[in-house]
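Have a look at the structure below before the remarks.
Per chain, numbering begins at 1; letters A, B, ... match sequence-line order.
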Protein chains: 2
Amino acid sequence: MPLSDQTPNPRRSTVEHIADELRSAVMTGRLEPGEQLGEADLAAHFEVSRGPLREAMQRLVSEGILHAITNRGVFVSELTLEDVRDVYRTRSVIERGALEVVLDEGHREATADELDDVVRRMRRAAAKGDGPAVSDADQHFHEVLVEASGSPRLIRAMRTLLVETRMCLGELRTTYTDLETQVDEHEALRRTILEATPAKAKSALQAHLDDAVERLVAKRT
Amino acid sequence: MPLSDQTPNPRRSTVEHIADELRSAVMTGRLEPGEQLGEADLAAHFEVSRGPLREAMQRLVSEGILHAITNRGVFVSELTLEDVRDVYRTRSVIERGALEVVLDEGHREATADELDDVVRRMRRAAAKGDGPAVSDADQHFHEVLVEASGSPRLIRAMRTLLVETRMCLGELRTTYTDLETQVDEHEALRRTILEATPAKAKSALQAHLDDAVERLVAKRT
DNA sequence: GATTGCCAGATTGTTGACAATCTAGGAACC
DNA sequence: GGTTCCTAGATTGTCAACAATCTGGCAATC
């Protein structure tokens, strides 16, 4: 008898909470690349001691989002152009792998529906001219795709890569010049992914990401 | 003027050192899956306080090698059969992705040579009947392949997956009944990977990993 | 006899303080 | 004038002690 399954995690631990908060801060750009994370300040901000804060930071260090220099402190990782390419290259590998699993295991329809929801939301955001919301939906599209694989390890890797993607984007939340184009492209991708042959689907996904990185690199000049 | 490049890391930080040590202990099975990591004992063993030790453990938690339960402690992650399949499925995605990069960027010959070294070492170990050494070489083969991609993110993901692979294997260091077979299979794989068409190379790699997981699952019944 | 309540011991979570190290700035020297 | 050295301040690294929580066993109760 389950009685009350309200608390699968009895209580998110403090370091987990702080780690999530920091990750989010890095992702949204509230903490800029290269910025140092002063322990005393942050500890005061979260109203905890430096101990739990340091533990949370070490987690993000192992995820590659932060990097630590002994006796100097921890900093938000800066992404070189080479890193940007690596993020997208790795995303391409992970996402195509996830897609392969989805197609192999016949979750085509269910995944198609979920992606349709996301695209619909993206379209509504685009209609309102809300660039950031479109960008959010864009990322969510790819996250949903990987989640559909049901592979905890692919999902975990993807989560980190999406944080890094946001770091790449920085202030500019979308590299598209026209929001409608961004929507249409994802709708086309959704259709190709879930209707075409696996080989074509994977090619389309790769092309989509190649385009993205190309636009991003161009803007960064 | 470089003068002395002996210390690219001025000094490996304490938590980094402890994290590596713990990772290695989990990998070699000195810490068994499910085992609890008592903070006081480990801190005494490493001759440090509980602070740095906890920071190191948090790193491995974020890698998925350990998992923490609030007010209960941290434990070595136990791998279900489903996890074993997920590890190998993800390895297949990562390794094929890395192979793709290697072939695309024309590091074929250099990679072939490196892999040849590994296979040669594997053959020597097999000749001496040294199962564990063959198993080490086996893992090294796949690690070298991914390293050849030059992608920091693929390499990082692979490192974690290899630790988990070792955890899957547990006591039995190799699932092959005959060491020579293991060597021959890798030599064949090496040749196919670096001589056949990209598509065939990837298929061969996937088949190789599918075989591995099948043997592993069979032994685990 | 089985269940419940409770307590002692042990373990984890958190904290504040102390030690070690680095950075910035100016003074002394060539 | 430029370089070197040194000091003060701040920041990180580490530690030991305190508080909160959990585990296991024993006694009381139905």
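Between the CD atom of B:E39 and the C1' atom of D:dA19 there is a distance of 15 Å, given to the nearest Å. Atoms CD (A:E55) and C1' (D:dG13) sit 14 Å apart, rounded to a whole Å. Between the NE2 atom of A:H17 and the C1' atom of C:dG13 there is a distance of 16 Å, rounded to whole Å. Atoms CG (A:L42) and P (C:dT15) sit 14 Å apart, rounded to a whole Å. One can place CD1 of B:I69 at 14 Å from C1' of C:dT11, the figure rounded to the nearest angstrom.
Residues A:R91 and A:V213 have side chains not in contact (no heavy-atom distance under 4.5 Å, counting atoms from C-beta outward).
In this structure a side-chain-to-backbone donor-acceptor pair under 3.5 Å is missing from A:S135 to A:G131. A donor-acceptor contact shorter than 3.5 Å links the side chain of B:S77 to the backbone of B:G64. The backbone N or O of A:D113 sits nowhere less than 3.5 Å from a side-chain atom of A:D116 that would complete a donor-acceptor pair.
Residue contacts shown for B:G51 are absent, as no nucleic acid heavy atom lies under 4.0 Å away. The residue A:L53 sits apart from the nucleic acid: no heavy atom pair falls under 4.0 Å.
Of all nucleotides listed (D:dT14, C:dT14, D:dC22), D:dC22 comes nearest to the side chain of B:N71. Listed candidates were D:dT14, C:dT11, C:dG16. Nearest to the side chain of B:Q36 is C:dT11. Candidate nucleotides D:dG13, D:dC15, C:dT12 were compared by shortest atom distance to the side chain of B:S49, and D:dC15 ranks first. For B:R54, the side-chain atoms get nearest to C:dT14 when compared with the rest of D:dT12, D:dC15, C:dT14. Considering only side-chain atoms of B:R50, the nucleotide from C:dT15, C:dT12, D:dG13 that sits closest is C:dT12.
When all heavy atoms are compared, the tightest approach of B:S92 to B:Q206 is OG-CG, 3.9 Å.
Residue B:R72 places no side-chain atom within donor-acceptor reach of the base of C:dG13, judged by atom type and a 3.5 Å distance cut-off alone.
Look at B:T14 and you'll find a side-chain N or O under 4.0 angstrom from OP1 or OP2 of D:dT14.
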